[in-house]
Amino acid sequence: MVESPFDVEIEVGEILEAEPFPEAEKPKMTKLWIDLGSVRIAGFESEALTVGVPSEEGYPVLASPDEDVPLGGVVH
């Protein structure tokens with residue numbers, strides 16, 4: 001269990017694909033396929049959370065860097 005939001009490491013990834021996710025609890029959720037660079041976890045598919053804010057219509061707008069940065073780079 002994470003004790004503080006600062007106990008996690010947030011990394012940069014590239015959205016490869018996105019599609020609606022109507023079976024989610026929140027109808028505005030979206031399925032994302034994210035490339036995190038060379039990250040692999042014991043050969044298993046990894047789950048991730050994204051950082052964003054809702055648009056005026058309530059849809060997520062993902063936080064993104066203003067410049068190109070390496071995939072897997074740690075957000076400070």
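When the side chains of ILVMFWY residues are joined at heavy-atom separations under 4.5 Å, either directly or via intervening members, Leu36 and Leu62 end up in a single hydrophobic cluster.
Annotation: side chain of Val75 is not in contact with side chain of Val51 (no heavy-atom distance under 4.5 Å).
Under the salt bridge (charged side-chain N to carboxylate O under 4.0 Å, His left out) criterion, Glu23 pairs with Lys31, not counting sequence neighbours. Every residue two or more places apart in sequence or in another chain was checked for a side chain to side chain contact (heavy atoms under 4.5 Å, CB included) with Glu56, and none qualifies. Applying the side chain to side chain contact (heavy atoms under 4.5 Å, CB included) criterion to Val69, with sequence neighbours excluded, gives Val12, Pro65. Among residues two or more places apart in sequence or in another chain, the side chain to side chain contact (heavy atoms under 4.5 Å, CB included) test is passed with Leu71 by Glu14, Asp35. Take Val53 and apply the side chain to side chain contact (heavy atoms under 4.5 Å, CB included) test, not counting sequence neighbours, and it matches no residue. Residues meeting the side-chain hydrogen bond (donor to acceptor under 3.5 Å, both in side chains) test with Glu19, sequence neighbours left out: none.
A pairwise comparison of heavy atoms in Ile34 and Gly13 identifies CG2-CA, 3.8 Å as the closest pair.
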